[in-house]
Each structure stands twice: as C-alpha cells, then as structure tokens.
Amino acid sequence: MAINGQYNVGQYIVPFVCLLIIAMDLTAGILGIQAEIAQNKVENLRVWILECRDPSYQAFKLGFAAAVLLAFAHAIANLFGGCHIVLSKPELDRATSNKQFAMASLILSWITLIIGFGMLIAGVMANSSSRKSCGVSNHRYLSIGGIACIIHGLFAVSYYISATAVEKEEKKLNPHGPTMMNHPPGPMMIPPGPMHAPSAPV
C-alpha cells in the first residue's frame, strides 16, 4: 500500500507544478501590465522624445511584485525539472527528442527571463524616485516585461514536462542504477596474502 500511495501522490506532482508555474507567470504578466496602466495615470509632460513624469508608487509595487513572481517561477521550473544540459554538438545529436526539446525550452526560458526581468526592473527603477524625473520617453518597459512573463510561463512549463520525460527515459534505460558488474575488481577485492599453488597429492 505504501508503494501505491507514493505512486498516487507522485502522479499529481507534475500537473501541480505546471499549474503553479503558469499561475505565477500569468499573475506576474498581469501585474506588469497593471503597473504600466498605473504609471500612465500620473501626470507627465512630453516634448518629442523627452518626457517628464511623476513617479508612481503603485507602478513601483506592482512591477516589483511581478519581477519577484517571475524569478520564483523560473526557480521552481529549474528546481523540479533538474539540470539537463547538452555540452557538445555530438552529445546533442545523440540525445533523444525529449532531451533536445528540454534543452531548447531551457534556453528560451532563460532568454525570456532575462528580457522580462530586465524590463520590469527598468520600469521599477523609473518609478522608484520620489521626485519628477525627465529623460527619454518610457518605452513601455512594464508592459513588455509583463508579456515576457506570460511567454516565459509557456517555455518554463515545456521545459519541466520534457525534463520529467527525460528522467523517466533514463530510469527505464537503467532501472537498477549503476552496478559493479561491468567494472573490474579494485585492489580491495583481491584477497590479501600471497597466492599459493595447490600442492601435489602424496
């Protein structure tokens, strides 16, 4: 019963983690877009590409929360998915389709993480000052970061699912783990003492 119980619990881990990642990234995306809306509500003066804008504390809070959720979602996907990195082209060619897909999803999730986190932090820093700031017009950093969070959720879930499939494949290929059958005996396996030839019968 204990084994069956562990199996029943284990089969719910994958959908739970997927829903958790999607929920966190989707919430981060919504918060990033809401931060952009809150930022646009403050008074600003724009002349050509220059813009003077009052900071929005609401945009600061929402953008910061979105960045934190994005980072946590990425950490959860990598923590539960494990590390499946292909270090060379020959290794990539020999890898299974699941491992190749996991590698591609991992790279894309890191790219969207960098873009989304960078855009959100840029928007947060623009609203962190307590006084009006003037400079180059804001290029919708917060909304771009929010959209990147949603895209990141797709890649992060794809990586976690494919990484889980890779682990199952590896367990099927080697279900009992590493053994000593294919390794020559080490020096500790040689019986101590000199070897004696059998004595002739008298």
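Nothing fancy with the numbering, it's 1 onward along the sequence.
In terms of modelled atom types and a separation under 3.5 Å, the side chain of S109 and the main chain of L106 share a donor-acceptor contact.
Pairing each heavy atom of Y141 with each of G123, the nearest pair is CB-N, 4.0 Å. Taking each heavy atom of L20 and I76 in turn, the nearest pair found is CD2-CD1, 3.7 Å. Across all non-hydrogen atoms, the minimal contact from A66 to A28 is CB-O, 3.3 Å. Shortest non-hydrogen contact noted between G32 and L120 is CA-CD2, 4.2 Å. The shortest heavy-atom contact between A71 and F117 is CB-CE1, 4.5 Å. When all heavy atoms of I21 and A156 are compared, the pair lying nearest together is CG2-CB, 3.8 Å.
Here the CG atom belonging to N127 is positioned 6.5 Å from the CG atom belonging to L142, to the nearest 0.5 angstrom. Taken from CD1 in I115 to CE in M119, the straight-line distance is 8.0 Å, to the nearest 0.5 Å. Here the CZ-CD1 distance, from F80 to I13, works out to 7.5 Å after rounding to the nearest 0.5 Å.
Residues D25 and I150 form no side-chain contact, since every pair of their non-hydrogen atoms from C-beta on lies 4.5 Å or further apart. You'll find the side chain of V14 reaches within 4.5 Å of the side chain of Y160, heavy atoms only. Between I30 and L26, the closest side-chain pair of non-hydrogen atoms falls below 4.5 Å.
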Please assess H74 against L70 for the test side-chain contact (heavy atoms from CB on, under 4.5 Å), listing each intermediate value before the final yes or no.
-> CA-CA 6 Å; H74 188 79; L70 173 62; 5.6 Å; no

Can N78 and W110 be said to form a side-chain contact (heavy atoms from CB on, under 4.5 Å), step by step?
-> CA-CA 10 Å; N78 284 266; W110 272 99; 4.0 Å; yes

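The hydrophobic clustering, which links ILVMFWY residues whose side-chain heavy atoms are closer than 4.5 Å, places L69 and V17 together.
Considering only residues two or more places apart in sequence or on other chains, A38 meets the side-chain contact (heavy atoms from CB on, under 4.5 Å) condition with S56, Q58, A59.
Sorted by first and then second residue, the side-chain hydrogen bond (donor to acceptor under 3.5 Å, both in side chains) pairs with a member in residues 62-73 form an empty list; sequence neighbours excluded.
Checked options I114, L113, I147; the residue passing with H152 is L113 (criterion: side-chain contact (heavy atoms from CB on, under 4.5 Å)).
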